[in-house]
Amino acid sequence: MYFLYFDPGLGAMIIQTIIAAVAGVVLFSKNLMHKIKVFLGIAKPIQDDVFDDIEIKDSDIENNNSSER
Amino acid sequence: MNAKNAHSSSFRDPSGYVFVDNGDIKRVIYPVYFKQYKALNDSDFFKTLFENELLIPHKELTNTDKEVVIKAEKISFVTYPYEWSFNMYKEAALLTLKLQKYSLEQGFSLKDASAFNITFHNGKAIFIDTLSFDFYIENTPWRAYKQFITHFFGPLLLAHYHGAQQLKLMSNFIDGIPVKMISSMLPFKTRLSPILYSNIHLLAKLENKHNEDYKGETKVASLSKKGQLNIIKSLYDYIKNLELKEHSEWGNYYDKINYTDDAFMQKSEIINTWVNTIKPECLIDVGGNDGTFVRKLNSSAKTSLVCDIDNNAVDFNHKIMKLNKEQFMLPFVLDVLNPSPSIGLNNKERDSFLNRIKELAPDVTLALAVIHHMSLSGNVPFSESAKFFSTFSKHLIIEFPKREDSWVQRLLNAKGDFKDHFDFYSLDNFISEYTNTFEIIEQKEIEDSKRVIFLLRKK
């Protein structure tokens, strides 16, 4: 159940289908370009230390059983 | 809602509310959110986010069928979006997307994406609105998507194209910058970018078209989970690569100022000795630049607030903090001549800088190479700056550049005909005005420079 305590914007709900399609194409072509660049050996090494990847690791990060929660 | 002393910022979400109890931050959860709360607990969702330090940890205190009460870990000082530097803002935006992606994978979804749901704690952006997670309903679009654009993506794009000052707009637009306004402010070439065209310009157009639909006749589109993940990933990639155009080299700032190496060392030794006699738990460096001085202290302060008016300096500080994984450092952007006001409903939803810092009451304030800027650029009389510094901490370490100092000379010369007005700027006047509010514990001249440094205590 969603609480409609703020207006999500009707246009914003409808448009997400279009944005998702655009995003899909962009992600696909970027991926492809990256693969081509890696294949040709001109891919830039990843050097961003400050911001990490979008993935969140599940509980297996450490065997941290001491956590009381 | 029978909220007893609910926090003044906690009235929007019907799932519960936050209240302060003897300095502890507690949260009441209403039955309407019980199902979600149980599912989040049972699936280790909360646990994973705690372990990854992405969500503020909490403990359950009581659990009845009327309400659940949890106690959240306390955050020493809450900073707001309009006090973040560009990269801090970026970190907060990326955290929101990261959480939404993880939520989707676990069958949940963020029901809102307000920038005020995030603050900085132990050197990292952290999500503080525990009740923002709801169940994901298959094939529904992300209802907080527009909020993400108006709270995060829009402000970041405006900052990218027009400078970091744009981030301050958030203090006027507490509910996000209107999409139409973002769209109108972006340069034409952004219409050629598929990501920007679809997420901003097209969104503005459609919002405009549909805000007349009062009867709700328009069919709400469906969107697959894969589709929604595509939006999130593409925004994540885009924001991660977004940079400021104005980046200057703050790294070598200290080469540009008036210190010989010896004087600089001497200054930091004096400050170190003084700070060690105070043994602060918490300190604030006003005009602290990129935090260089605070890092030179060998104090055991658990929290060091370092604020500066310059976004680039704060950004640089943020970068060092991230690379060194520092937990004590809390950088933020602040103009001492115009500190963040109280805003929102009843002017109480987001507290002013002064109220927050008074509550924190840092043990010592450092004001190094600030007074001449306040007095000469800001026309602030000594009595007024003394009043400002005396409101929040007991001790003040303040550096006074004398009239002969080259920086002071430069500021004075810039005044032209008005220069005579600043005849009051002298060491004697400084001492006589400041001793109305403070007592001098120690005073030292820094050799090889035209600067004097004081350790003061509030009377």
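Note that the structure is predicted; figures quoted are calculated from it, not measured.
- For chain A, no part of B:Leu235 is nearby; none of its heavy atoms comes within less than 4.5 Å.
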Assess the residue pair B:Asp237 and A:Val26 against the criterion (side-chain contact (heavy atoms from CB on, under 4.5 Å)); give the C-alpha distance rounded to whole Å, side-chain angles, the decisive distance to 0.1 Å, and a yes or no. CA-CA 10 Å; B:Asp237 289 351; A:Val26 169; over 6 Å; no
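- For A:Ile54, the parts lying near chain B are the backbone and the side chain together; criterion is any non-hydrogen pair under 4.5 Å.
- The parts of B:Asn199 that come within reach of chain A are both its backbone and its side chain, each placing non-hydrogen atoms under 4.5 angstrom from that chain.
- Taken from CD1 in A:Ile18 to OH in B:Tyr197, the straight-line distance is 9.5 Å, to the nearest 0.5 Å.
- In this structure, A:Ile14 CD1 and B:Leu206 CG are separated by 6.5 Å, a value rounded to the nearest 0.5 Å.
- Interface remark: A:Ile19 contributes backbone and side-chain atoms alike to the contact with chain B (heavy atom separation under 4.5 Å).
- Residue B:Leu223 touches chain A through its side chain alone, counting heavy-atom pairs closer than 4.5 Å.
- Applying the 6.0 Å contact sphere to NZ of B:Lys225 captures more than 12 heavy atoms from other residues, nucleotides or ligands.
- Between B:Lys101 and A:Glu55, at least one side-chain nitrogen of the basic residue sits less than 4.0 Å from a carboxylate oxygen of the acidic one, meeting the salt-bridge criterion.
- A:Ala20 and B:Gly227 get closest at one heavy-atom pair: CB-O, 3.4 Å.
- With a threshold of 4.5 angstrom between heavy atoms, B:Leu49 approaches chain A through side-chain atoms but not through N, CA, C or O.
- Separation of atoms CD (A:Gln16) and OG (B:Ser198) is listed at 11.0 Å; rounding is to 0.5 Å.
- Here the side chain of B:Glu207 pairs a donor or acceptor atom with the backbone of A:Ala12 at under 3.5 angstrom.
- Both the backbone and the side chain of B:Leu203 come within less than 4.5 Å of a heavy atom of chain A.
- Salt bridge A:Asp52/B:Lys98: present, at least one basic N to carboxylate O contact under 4.0 Å.
- Residues B:Asn87 and A:Phe51 meet the side-chain proximity criterion, which asks for heavy atoms closer than 4.5 Å.
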